[in-house]
Each structure stands twice: as structure tokens, then as C-alpha cells.
Amino acid sequence: MPAPKEIKRISEVVWEIPETYKKGMLVPARIYATKQLLDSMDEGVFEQVTNVACLPGIQKYALCMPDGHWGYGFPIGGVAAFDFENGVISPGGIGFDINCGMRLVKTNLTIEEVKPKLKQLVDLLFQTVPTGVGATGFVKLSNSQFDEVMVKGARWCVEHGYGWKEDLERIEEHGAIKGADPSKVSKKARERGIDQLGTLGSGNHYLEIQVVDRIFDHNIANAFGIEQEGQIVVMIHCGSRGFGHQIATDYLKVFLDAMKKYGIPLLDKELACAPIDSPEGRDYYSAMLCAANMAFANRQVILHRVREAFEKIFKKSAQDLEMHLVYDVAHNIAKAEEYEVDGKIKKLLVHRKGSTRSFGPGHPELAEIYRDTGQPVIIGGSMETGSYLLVGTKRAMEETFGSTCHGSGRTMSRHKAKKEINYNQLVKQMEERGIYVRSASKSGLVEEAGVAYKNISDVVEAVDRAGISRKVAALRPIGNIKG
DNA sequence: ATGTTC
């Protein structure tokens with residue numbers, strides 16, 4: 001679908017829809033994309049990103065990344081920052097899967113060492129990491145322990161034997177965001193979440209064995225623990241499961257009433273929101289952070305299982321296999337961060353929905369190990385086409401509220417993929433190309449076929465050219481476990 | 001994404 005005729009080209013990969021496009025827009029909308037990616041975006045993206053530009057307290061621009069596509073209220077690939085004093089918080093700008101994110105683990109193994117044992121390894125991981133809709137985990141929690149998980153996130157896991165102390169400095173916000181309040185979480189959300197720690201889920205969530213295919217920046221790759229092409233790494237993609245989903249559902253309902261109360265105009269029910277500085281807004285923020293911390297804990301427990309599986313198959317300790325965490329990033333979340341707006345430093349609530357934080361070198365919030373390089377940015381592609389490791393930049397701080405893209409973005413609906421792609425053929429084709437896959441459901445697998453997604457290299461090229469993150473390494477899948 | 005439709 002073509003972009004609206006009002007769109008202006010700002011640079012090779014930045015496009016702007018002016019405030020005059022639609023009544024009520026408070027700021028322009030900006031889309032980061034090559035001409036080719038822009039032309040392939042669905043019309044919904046332009047409608048939604050300009051709707052977001054109408055929300056109270058929005059700062060500078062409503063943004064969309066090159067992997068943008070139509071989503072619930074806000075586009076997926078969306079970034080929007082709101083003033084804490086007069087702005088809003090919106091579940092649609094965060095996503096149902098609160099703190100859906102990516103985690104990357106390195107090893108010192110090479111493809112030659114792993115290939116003979118790949119099937120054994122993938123089969124073991126498929127057994128030990130619960131996968132699929134409704135999956136429950138092996139960590140049994142009491143209600144008060146679950147409260148602790150909501151507040152302490154990955155730190156709770158490390159204190160209880162699921163991981164290494166050093167893991168915590170390699171997670172966004174050290175795996176525990178301050179401000180989570182379990183009393184703001186409904187009984188229903190608690191019931192759905194309490195047995196879901198350490199589970200992968202379904203849809204596009206996966207656990208993948210990958211090989212470093214190409215290194216673009218050797219210095220930064222080395223600082224991230226990526227030493228050579230042919231090295232084996234493991235990528236984990238999942239979020240807060242039914243727990244975060246229920247919290248989003250609960251507060252969407254609360255916010256529809258709150259909007260009337262606060263006199264916020266309703267453009268679209270899916271844009272339900274509340275003032276950040278209101279009882280409803282503060283409650284959702286505190287509950288949302290419970291889900292964010294649960295998701296960090298979820299990925300931490302899965303990492304523990306991954307280390308155990310490698311130890312069993314390769315008969316060496318995870319320490320000896322140098323299975324250090326590279327990083328863990330959220331790509332569905334809202335964060336309190338400071339940015340310069342009109343020459344003043346302001347505290348903003350940055351909504352990232354299908355968008356990754358991309359803090360550059362020197363940012364005070366980064367752990368010392370990544371202070372000089374900028375943070376690692378983990379971009380998941382489809383299970384067939386590969387993934388990327390990037391690094392954050394100062395330019396992202398200036399242009400995109402410290403944000404970049406998150407993945408490929410679908411081009412084919414799940415429904416269409418199910419109709420057009422044959423399961424057995426897909427598995428055979430993947431096996432011929434050296435990718436061994438185990439999946440909880442046949443339809444779940446065909447929905448995630450590579451042809452159903454945008455070309456990840458095009459997306460990464462666009463953010464690299466825009467300078468809002470830089471390519472460090474390309475990763476290629478060899479084994480995949482999915483929901 | 002999701003005990004895949006409250």
C-alpha cells in the first residue's frame with residue numbers, strides 16, 4: 001500500500017508525515033525505512049502512527065521503525081515518548097506481551113563441534129524448556145515468592161540458583177526495574193502467571209542455536225564475547241506469557257473508563273490510555289513493571305536450562321564452555337528516561353512496542369562492561385533467515401529516544417501462511433539447509449516460515465544507514481525450538 | 001502475543 005502523498009523524505013532512510021495530515025496531530029510522524037521497505041508497509045502503519053501523534057503529551061515525533069507493521073492501536077515497530085507531567089501511558093503502545101524480548105548467550109564451541117550433536121541437543125532442550133500455548137514450568141512458587149519475582153526479576157532467579165551473578169549486569173536494567181508493585185496485579189493475572197516461569201510460549205517465540213555467520217565490527221564483537229565466525233551462540237525470544245497478557249487486558253478495560261473521566265478524546269478503542277500522573281496510570285505502570293520483571297526472570301530460568309543442556313551434551317561445565325550472557329533486551333515496554341527536548345532535559349515515558357533500546361557509548365545507565373561500546377542490541381529474524389547483533393549509538397539518543405528496530409516484521413498473515421505452506425515440506429527444506437527444528441504444534445511452525453517475514457537484512461541495513469544502531473555480527477540458525 | 005473468543 002502506498003504511503004500518504006503528504007509524506008516528505010527527510011533523508012535516505014527517514015520519512016515524515018506532517019501535523020497537517022490529520023486533525024488532532026500534536027507532532028509529526030516519522031518513519032525510518034528505505035524506500036523499498038516504506039512502499040511495502042501496510043496502510044495501517046500510516047494510520048496508526050499518525051493516531052499516536054494525537055495522544056496528549058507526546059514529544060517531538062511519533063516514530064515507526066523499518067520493521068513496522070499494523071498492530072493493536074499503535075504500530076508494531078512504534079516508539080512514542082510522553083511527558084511525565086501531562087502525557088499518557090497506553091497498553092497499546094507496549095503490547096500484550098509485556099517485556100517480550102531477546103536474550104543472547106555465547107559459547108566457546110564451534111559449528112564443527114556442535115553439528116554431530118545438534119539433534120541430541122535440540123531434542124534435549126525441547127524436553128527441558130516447556131513450549132507451546134498453556135505450557136507450565138518446573139519452578140514452583142508460593143504467592144509470596146511470586147511477589148518477589150515481580151519485584152526482583154532476574155535477581156530473584158540468581159539468588160535461587162538459576163544463573164550466575166555476572167548475568168545481572170548483562171540485562172537491561174540489571175533484570176529488575178524499580179517501581180513494580182504486586183498489589184496492582186489482579187488475582188486472575190497472578191493465577192495465570194504463577195506457574196509460567198521458565199516457559200517459552202507460542203507464536204514467534206523460540207529458542208535457537210545459531211552460528212556466527214559474519215562479523216562486521218571485530219572490536220565491538222570481541223567486547224560482546226563474539227570472537228570468530230563459526231562460533232556457536234544461543235538466542236532466546238519470549239516474554240511474560242499469560243501474566244503480562246492478563247495485566248494488559250485488565251488495564252485496557254480500566255483505561256476506557258478513565259479516558260471519559262479525564263476527557264481524553266478517543267480516536268480508537270485500541271488507543272485506550274490514562275494520564276501517567278493519575279491513579280489509573282500509576283497503577284498500570286506499577287503492574288506493567290511486575291510483568292516486565294517476570295519476563296526477565298522467565299528468560300533467566302530458560303538460560304539456566306540451556307546451560308544445563310549444554311553441560312549434559314558436551315560433558316563440560318557451563319563455565320568451561322564460557323556460556324556468558326551477551327545481553328538481554330526488552331522490545332515491548334515503557335521506560336522512564338531523560339531526553340533533551342527544546343534545550344531542556346525532561347523525564348519522559350518512552351513506549352517501545354516492537355522496538356529495542358539502543359543506548360550509545362557513555363550512557364550512565366549502562367553497566368561498566370558496555371559503557372565504552374554502547375549496549376548490545378539483539379535483533380531476531382525469522383527461524384529460517386537469521387538474526388543480528390547490533391550496538392546502540394549516540395545518534396539514537398538524539399533522534400529516536402534511544403531506540404531502534406526489533407526484528408523482521410510479518411508480511412504474510414498467520415492465516416495465509418497456514419493455507420499456503422506445507423509442514424512436511426518446510427521441515428524437509430529447513431533440514432536440507434542445515435536447520436533442525438522441533439515445534440510444539442505443526443500450524444505454529446508453518447506460521448513462522450521465513451517467507452512470511454520481511455527480509456531481516458533490509459531492516460537492519462535501514463537502521464544501520466540511519467545511524468540509530470550499527471551492525472556488529474550476523475547470526476545464522478542451525479537448531480530451533482518453537483511453540 | 002494469549003488457558004488462541006468475554
Side-chain angles (χ1 to χ4, degrees), chain A residues 44 48 67-78 90-103 129-137 146 185-207 236-257 269-270 272 287-288 290-292 294-296 298-299 302 329-334 351-356 380 382-383 406-410 412-419 439-448 452-453 481-483:
Chain A
Q48 292 189 320
D67 46 346
H69 57 111
W70 182 88
Y72 186 92
F74 288 52
I76 293 159
S90 174
I94 293 168
F96 278 86
D97 188 9
I98 296 164
N99 192 2
C100 185
M102 311 292 310
R103 179 173 278 231
V129 180
T131 299
V133 179
T136 56
F146 194 31
V185 171
S186 70
K187 188 163 172 276
K188 196 170 174 184
R190 178 182 286 278
E191 281 168 0
R192 280 181 74 175
I194 197 161
D195 56 4
Q196 292 186 317
L197 207 56
T199 64
L200 203 54
S202 66
N204 68 352
H205 288 162
Y206 58 79
L207 194 172
I236 299 162
H237 177 214
C238 65
S240 53
R241 309 281 286 100
F243 183 57
H245 191 277
Q246 188 61 47
I247 289 170
T249 305
D250 291 341
Y251 281 93
L252 278 166
K253 213 178 291 167
V254 172
F255 282 9
L256 278 176
D257 292 331
K269 266 178 88 165
E270 296 184 358
M288 184 269 293
C290 290
M294 184 273 192
F296 285 133
N298 192 24
R299 293 192 287 270
I302 293 173
V329 293
H331 57 223
N332 275 11
I333 200 160
H351 290 60
R352 296 192 182 96
K353 184 210 200 161
S355 161
T356 312
S382 78
M383 62 185 182
H406 87 302
S408 301
R410 290 196 81 87
M412 189 189 286
S413 71
R414 291 183 180 278
H415 181 74
K416 195 170 172 217
K418 262 192 281 204
K419 267 199 330 207
S439 122
S441 89
K442 286 187 180 186
S443 63
L445 187 83
V446 295
E447 287 176 9
E448 297 303 320
Y453 282 88
I481 289 116
K482 78 179 349 329

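The shown structure was predicted, so the numbers you read here are calculated from the model rather than taken from an experiment.
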Rounded to whole Å, how long is the line connecting atom [atom1] of [X] with atom [atom2] of [N]?
X        : N     : atom1 : atom2 : answer
A:Tyr72  : B:dT4 : OH    : P     : 17 Å
A:Ile94  : B:dT2 : CD1   : P     : 17 Å
A:Phe96  : B:dC6 : CZ    : C1'   : 13 Å
A:Glu191 : B:dT2 : CD    : P     : 19 Å
A:His245 : B:dT5 : NE2   : C1'   : 11 Å
A:Gln246 : B:dT5 : CD    : C1'   : 14 Å
A:Leu200 : B:dT2 : CG    : P     : 9 Å
A:Leu252 : B:dT2 : CG    : C1'   : 13 Å

OG1 of A:Thr131 to NE2 of A:His205: how many Å apart, nearest 0.5 Å?
->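 It comes to 11.5 Å.
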Can the ring centres of A:His406 and A:His237 be said to be less than 6.0 Å apart?
->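 Here the rings of A:His237 and A:His406 have centres that are no less than 6.0 Å from each other.
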Counterpart residues, side chain to side chain donor-acceptor pair (under 3.5 Å), relative to A:Arg352 (two or more places apart) | A:Glu337, A:Ser403
Side-chain N or O of A:Ser202 closer than 4.0 Å to phosphate OP1/OP2 of B:dT4 | no
Ranking A:Gly203 and A:Thr249 by the position along DNA chain B of their nearest nucleotide, the one closer to 5' is A:Gly203
Could you tell me whether A:Gln196 contacts a base, only the sugar-phosphate backbone, or nothing, with contacts defined as non-hydrogen atoms closer than 4.0 Å?
->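 Sugar-phosphate: the residue A:Gln196, judged by heavy atoms under 4.0 Å, touches backbone atoms but no base.
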With a non-hydrogen cut-off below 4.0 angstrom, is A:Arg410 in contact with a base, only sugar-phosphate, or nothing?
->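 A:Arg410: no heavy atom of the nucleic acid under 4.0 Å.
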Does A:Val129 reach the side chain of A:Ile481, with side-chain heavy atoms less than 4.5 Å apart?
->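 Heavy-atom side-chain distance check fails, nothing below 4.5 Å.
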